[in-house]
Amino acid sequence: MSTLSVCMIVKDEAARLSQCLESVGDIATEVIVCDTGSTDETVAIATQHGAQVHSIDWPDDFAAARNQSLKPATGDWILVIDADETLTEEGRQHLQALLADAPISTPSGPPVAAEQVLLVTWLRQEMDARQSPYTQVARLFRNHPRLQFERPYHETIDDSALTLMQAEPHWRAVSLNTVALTHTGYSDAAIAAKDKFYRAERRMGQYLAQHPQDAYLCNKLGALYGAQGDWAKGLTYLEQGLAQAQKPVPDHKPTATDGMSDANVRPLDTLTWYELHYHAGLANRSLNRLQQATRHYQQALAAPTSDRLKLGAYLNLGSLYKHQKKLDQAIELFEAATCAAPEQAVAHYNLGVAHRAKGYLDSALAAYDQAILLSPDYAEAHQNRAAVLFKLGRLAESRAAFQTAIGLYKETNPAAAIRLQQGIHQLGLG
């Protein structure tokens with residue numbers, strides 16, 4: 001039976017730390033918490049949960065801080081987790097099997113013997129994101145002295161893992177479809193509360209000035225500017241990254257479906273390639289450069305990576321086609337989105353919108369029903385469902401659905417509730 005060290009860096013995380021530690025506490029051999037200067041109850045909470053707490057000075061470098069958290073670890077495996085993340089039940093089951101030294105089953109190809117595995121890449125669900133709710137993270141790896149994090153922001157273990165696999169070819173990196181972590185740290189409120197934008201801009205900008213060829217950070221910084229609404233500036237970094245990036249080759253690239261990595265390529269290149277084109281699509285769409293946006297979304301969808309990770313590209317290209325009245329193409333993409341991530345209400349909602357625009361009312365209704373089943377508080381889905389019911393002549397059901405939508409909007413968007421109430425009066429349903 002193998003052992004597990006959970007390693008964390010924290011500061012002022014009293015509000016979220018307990019939930020995180022409870023998700024890993026009974027599976028970890030030890031929990032190591034490096035505190036960088038908390039002034040709330042973070043240290044006390046960590047101690048109450050049995051963690052080893054080490055106070056460290058903040059080095060203004062996430063990779064350096066991460067590496068300090070790895071030093072005291074004694075487990076065979078290391079799991080790196082943040083206070084705003086929790087381990088899912090699916091992640092727990094995978095971890096338990098790995099710690100029992102069972103072979104790792106991959107989405108395709110034969111199982112990989114546990115003793116060969118150096119690094120495991122999982123999926124993380126972004127709880128505050130609608131269009132791109134999944135990201136790929138490499139957080140579970142062998143406790144090996146040559147594995148170290150790199151980059152001061154958006155730090156990764158992947159480069160050192162690649163170097164080690166090149167030196168010791170018996171190691172394998174395994175990429176899985178397992179949704180092992182949930183994350184709440186990318187909400188607008190969380191970003192504003194911690195002033196993340198300005199810190200990230202400074203650290204990534206300084207690093208890129210010295211490493212302009214780093215396509216990974218070009219992508220991250222470009223997306224950061226886009227999230228702040230400055231897609232014109234973001235696009236300059238995305239294009240800088242695309243100029244450095246080489247298209248990944250499926251036969252030689254680890255993906256979320258092929259199981260293992262090739263020692264001659266960097267494990268995150270496939271995802272970086274996808275994200276560069278996806279974010280460039282968003283940037284060009286924002287700048288009303290529709291032809292360029294379409295091309296980048298198509299390139300993103302051609303990336304040899306998990307369809308679940310490509311949900312954002314399916315939805316955004318589908319929406320672009322719908323805007324251009326290319327409804328058959330839009331429906332095809334939204335159907336692909338529902339197949340890629342059937343658990344995501346937004347995919348079914350967009351499919352309903354396209355079916356409604358095409359005049360396929362029964363299909364639209366079915367899609368809205370599925371969206372609401374998955375997300376009962378989805379006000380837009382209730383509103384659109386009500387409109388379809390009205391067109392179908394099912395007036396009582398339409399009135400009830402409109403009232404449900406109005407009630408939901410009153411809690412989140414009062415102005416929309418007023419507009420909708422006025423609209424249903426004009427329909428004679430008020």
Nearest heavy atoms of Met8 and Ser69, plus distance in Å: O-CB, 3.8 Å
Test item: side-chain donor near acceptor, Tyr225 and Glu201, under 3.5 Å: yes
ring-ring contact (aromatic ring centres under 6.0 Å, His included) against His382, all qualifying residues, sequence neighbours excluded: none
Partners meeting salt bridge (Lys or Arg N to Asp or Glu O under 4.0 Å) with Asp328 (sequence neighbours left out): Lys358
Exceeds 12 heavy-atom contacts within 6.0 angstrom, atom CD of Gln96: yes
Ring geometry between Trp273 and His277 (parallel below 30°, tilted from 30 to 60°, perpendicular above 60°): perpendicular
Chi angles and distances behind the side chain to side chain contact (heavy atoms under 4.5 Å, CB included) call for Val6, Ile32: CA-CA 6 Å; Val6 173; Ile32 297 163; over 6 Å; no
Where Asp101 and Ser2 come nearest, the two heavy atoms and their spacing: OD1-OG, 2.6 Å
Flag for Trp171-His144: side-chain donor and acceptor within less than 3.5 Å: no
Mutual orientation of the aromatic rings belonging to Tyr368 and Tyr349 [parallel < 30°, tilted 30-60°, perpendicular > 60°]: tilted
Qualifying residues under salt bridge (Lys or Arg N to Asp or Glu O under 4.0 Å), relative to Arg92, sequence neighbours excluded: Asp26, Glu89
Full working for salt bridge (charged side-chain N to carboxylate O under 4.0 Å, His left out) between Asp214 and Lys220: CA-CA 10 Å; Asp214 192 324; Lys220 296 299 184 183; over 6 Å; no
Nearest non-hydrogen partners of Ala313 and Tyr278, listed with the distance: N-CE1, 3.6 Å
Side chains of Glu126 and Ser132, donor plus acceptor under 3.5 Å: no
Arg139: which of Ile78, Ile157, Val80 passes side chain to side chain contact (heavy atoms under 4.5 Å, CB included): Val80
Worked verdict on Arg66 versus Asp82 for salt bridge (charged side-chain N to carboxylate O under 4.0 Å, His left out): CA-CA 11 Å; Arg66 291 280 189 212; Asp82 289 329; 2.8 Å; yes
Row check, Tyr153 ring normal vs Arg203 NZ/CZ: under 6.0 Å, within 45°: no
No-hydrogen, no-angle side-chain donor-acceptor test under 3.5 Å, Tyr321 and Glu332: no
Considering all heavy atoms, the nearest Leu17-Ala83 contact: CD1-CB, 4.1 Å
